[in-house]
Q: 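Sharing a structure below in structure tokens format, with a few things to ask.
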Amino acid sequence: MITSRMAYRQLIKNKRRTLITLLGIVLSVAMICAIAGFAAGGLDMYRRSVIEADGDWHLAFLGADAADAIAVAADPRVSTLYTWDNGAGGTDIFFRLAKPDKHYCNVMEQIFIDAEVSPNAQKDTNRELLMAEGVVSGMVANALYQISGVLIAVVIIGSVMVISNAFSISASERIRQFGLMKSVGATKEQVRGMVLHEGAILSVTAIPIGILIGYFIQFVAFGVANNLLEGALIASQTFDGKLAPVFSLPGIGISAGLSLLTILFSAWLPAHRTSKISAIDAIRLSGEIKLKPKKVKTSRLVSRVFGFEGVLADKTLKRNSRKYRATVASLVTSMVLFVGGSSFTEYLMKAQSMVYYDAGIYASAGVSAAYGEDFNVTAEQLNSIPGMETVLSYSARFYLEDAADMLAPGAREMMEMGEISGGITQEDVSALYLHTVSDARYGELCMELGITPERDAGILVNRVTASMPDGRIADLSLVNYKENMTLNFGTDKQFTIKLPGELDYMPAEVIRSFGGGLVNVIIPESAFAGYMGGAASGNAQASVSLLSGNADDFLAAAGEMLPNSGLYNSGQGAGYSLSNIAADARLNRNLGLLLTVFVLGFVGLLSLIAVTSVVGTITTSMALRHQEFAMLQSVGMTPKALLRMLNYESLLYGIKALIIGLPLGVAVSVLLYCAMGGVLVFDYIAPVQSLLISVAAVLIIVWCTMRYSASRLRKYNIADTIRLETV
């Protein structure tokens, strides 16, 4: 076919532009494949963790007769089955459905009737596995689908802009060629088909390479993740999760299909636009450059500030509006991709800090008993284990008056919906927890907040991570804090405490005793006894946290000391707990490193796609203006004046791109934030830093690219360039 042969020759002739376009397509396909693979790998690990924890079954009949298992196994709707002797004279039957769907409960009832299962048997469902396998909607699967969907949409939109701009510039370069083809009988379909054939040829090459690179990215990323998280319990208390690439023909087909549609749509846009230009307009290039007085009118301010070169640059951009828009679109795409990737980074880091709080401690030992002399002696003994740097904190729970009136709006709404768990409910919102730090540390915290330490005052810790019944994690401000607010509380007597300041984080000294109540307040250690109201007046807790030393040695010493302490032997109902946090701390650091590596790679690839588009668009656009520059120089424009004109053009490109790109970048950031809302609840993080980086990067990239393109003008002879015809 002649159009395919011409398309192939055109790609061979313009090797540089072809390679740049091919690179953008390969990166886009690789990103789509990798993102889809990450989601599939996460779901696969989630499914395996559920099977490890709960078993590989969809439905169950508990307490049935042994003979019932034979009838259930014979049902064609059942694929696999196993039984378990429940030890009470009955048999538990667990089975998988051959074709599970959302009507699984109806299927279970029908199997129960058809198999004539004992009426004493109880029906049960493994809903967690059904959610992991996508049979019914689930939080984890929905979150992965939403996040990966938004990321793939960002990549596709960016890819369409990148690839479409490349084809648009290519089509603009050959407008006269298309006009000559039409003048000798070529139809619109043939002209359009030539550009589409270029996209198809590039697709045949780029899609397989991109898919291979996408799976390579998955292998590397999952290998790094498994090494960093080795031995960590990821999805459940019993499952040592391992991420593995999922080779799925439907997944590969979807990635390839999305990529092919992206490429062909990107090529169709300029092809359709070009095919509508008449032959005579194409030969004259009148469709590319249309001069209208109002359209190219330049303000006097531009003339006064930038001179003749500025006026000429402004008119040139307005005269070549199509190429101007293509370049601006590439810049906008680069900003949106970078800001979106950076926002995703912020949200992942926020998720990591919410789920794995880095307390800066390695182990802890705690006691809980009636406050008194034995209690204090035991706490001091724990705090004085030889060879260890430890920190001691006391805490106690009190009744708080008028607690409901103090709730922040978000916390009030969730409490009324019954969505906050862990002790924060309608019944116990009146819980106030007092926590101590040393007097010196209390002074440091007050200095940090810019307040004066007072013995009868405390510091409100007003940021809490709470678990909701639906599995989401919320980062909340619980109290509607007002400066110097006071609290009235007490058990058998009333106390008043002033709160001159608030913290938005939990200091390491109190992290292990931090309560799930409505209000958590830090006070100096010297004030704690006064609030307890004397010996044996109420229960208290003491937590000793290890700041440096060997966690195993510390816990061994604490475990040997506590059972023999006077507190434990006093019969006062004392209890104690030991926690080895070193493994969690190691997991936290490795998880942070993993997220950093993953996000840097993601943002790096997105940025590479964007920069490829910008550089390719600007350099090609500049190459098409060789005749224009030669004519300007032939009538007396000096090289310095030409550079000034190009500098002003780059400034205009940057300003227009920033006006459009900054709001779009924020919009993508908001979409990603909404997608993360299926798993985590936290305040929106504005991408201020990434926006500032985008502003600087756009201006620098445009200026450097245009200066590089301008430096190549010295290689061209003015007379030869003027005579050059683009065909």
Q: Determine, stepwise, if the pair Val339 / Val666 fulfils side chain to side chain contact (heavy atoms under 4.5 Å, CB included).
A: CA-CA 7 Å; Val339 173; Val666 173; 5.8 Å; no
Q: Looking at Ser669 and Gly665, would you say the former's side chain and the latter's main chain have a donor-acceptor pair under 3.5 Å?
A: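 Side chain of Ser669 to backbone of Gly665, a donor-acceptor pair under 3.5 Å: no, none is there.
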Q: Of all residues at least two apart in sequence or in a different chain, which pass the side chain to side chain contact (heavy atoms under 4.5 Å, CB included) check with Ser384?
A: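 Listed in chain order: nothing, the list is empty.
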Q: Counting only heavy atoms not in Gln689, do more than 12 fall under 6.0 Å of its CD?
A: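 No - once you tally the heavy atoms of other residues, nucleotides and ligands closer than 6.0 Å, there are 12 at most.
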Q: Taking side chain as C-beta onward, heavy atoms only, is Met335 less than 4.5 Å from Leu664?
A: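 They are not in contact (no side-chain heavy atoms under 4.5 Å apart), so the answer is no.
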Q: Would you please test Glu389 and Phe554 for side chain to side chain contact (heavy atoms under 4.5 Å, CB included) and show each step?
A: CA-CA 10 Å; Glu389 181 186 358; Phe554 172 77; over 6 Å; no
Q: Side chains of Leu546 and Leu555, heavy atoms from C-beta outward: is any pair under 4.5 Å?
A: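 Contact flag for Leu546/Leu555 side chains = no.
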Q: Considering residues at least two apart in sequence or located in another chain, which fulfil the ring-ring contact (aromatic ring centres under 6.0 Å, His included) criterion with Tyr481?
A: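 Here no residue qualifies.
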Q: Who are the side chain to side chain contact (heavy atoms under 4.5 Å, CB included) partners of Ala558, not counting sequence neighbours?
A: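 Ala558 satisfies side chain to side chain contact (heavy atoms under 4.5 Å, CB included) with Ala365, Leu382, Ile385, Leu578 once adjacent residues are dropped.
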Q: Listed by chain and number, what are the side chain to side chain contact (heavy atoms under 4.5 Å, CB included) partners of Ala667, not counting sequence neighbours?
A: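 Ala667: no side chain to side chain contact (heavy atoms under 4.5 Å, CB included) contacts found.
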Q: Can you tell me if Ser545 uses its side chain to pair, donor with acceptor, with the backbone of Val391 under 3.5 Å?
A: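 No.
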Q: Output the distance between atom OH (Tyr394) and atom CG (Leu434), rounded to the nearest 0.5 Å.
A: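 Those atoms lie 14.5 Å apart.
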Q: Calculate, to the nearest 0.5 Å, the distance between atoms CG and OG belonging to Leu445 and Ser438 respectively.
A: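 Rounded to the nearest 0.5 Å, the CG-OG separation comes out at 9.0 Å.
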Q: Atom CG of Asp54 and atom CG of Asn126: how far apart are they, to the nearest 0.5 Å?
A: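 So the gap between those two atoms works out to 5.0 Å.
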Q: Using the side chain to side chain contact (heavy atoms under 4.5 Å, CB included) definition, which of the options Asp456, Thr496, Ile497 pairs with Thr486?
A: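 That would be Thr496.
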Q: Could I get the full list of side chain to side chain contact (heavy atoms under 4.5 Å, CB included) partners for Thr452, not counting sequence neighbours?
A: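 Applying side chain to side chain contact (heavy atoms under 4.5 Å, CB included) to Thr452 gives none.
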Q: For the pair Ser393 (side chain) and Thr436 (backbone), establish whether a donor and an acceptor sit closer than 3.5 Å, ignoring hydrogens and angles.
A: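 Flag set: sc Ser393 to bb Thr436 pair under 3.5 Å.
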Q: Under a 4.5 Å cut-off applied to non-hydrogen side-chain atoms, are Met532 and Phe398 in contact?
A: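 They are in contact (side-chain heavy atoms under 4.5 Å apart), so the answer is yes.
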Q: Would you list the pairs meeting salt bridge (charged side-chain N to carboxylate O under 4.0 Å, His left out) in which at least one residue belongs to residues 431-451, sequence neighbours left out?
A: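 Applying salt bridge (charged side-chain N to carboxylate O under 4.0 Å, His left out) to every pair that reaches into residues 431-451, excluding sequence neighbours, yields Arg441-Glu444, Arg441-Glu509.
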Q: Are Tyr442 and Ser526 linked by a side-chain donor-acceptor pair shorter than 3.5 Å?
A: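 Short answer, no.
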Q: Rounded to the nearest 0.5 Å, how far apart are CD of Glu454 and NZ of Lys498?
A: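 So the CD of Glu454 and the NZ of Lys498 are separated by 3.5 Å.
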Q: Hey, mind stepping through Leu129 and Arg47 against side chain to side chain contact (heavy atoms under 4.5 Å, CB included) and telling me if it holds?
A: CA-CA 6 Å; Leu129 182 58; Arg47 180 187 62 82; 4.0 Å; yes
Q: Would you please classify the geometry between the Tyr531 ring and the Phe495 ring as parallel, tilted or perpendicular, with 30° and 60° separating the classes?
A: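 Perpendicular.
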Q: Counting C-beta onward and ignoring hydrogens, is there a side-chain heavy-atom pair between Cys446 and Ile459 closer than 4.5 Å?
A: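 They are in side-chain contact.
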Q: For Ser343 versus Leu672, what's the shortest heavy-atom pair and its separation?
A: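 It is CB-CD1, 4.4 Å.
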Q: Would you call Glu133 and Val50 a side-chain contact if the rule is heavy atoms closer than 4.5 Å?
A: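 When only atoms from C-beta onward are counted, Val50 and Glu133 do not touch, as no gap falls below 4.5 Å.
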Q: Once you round to the nearest 0.5 Å, how far does CD of Gln541 lie from OG of Ser368?
A: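 That separation rounds to 4.5 Å.
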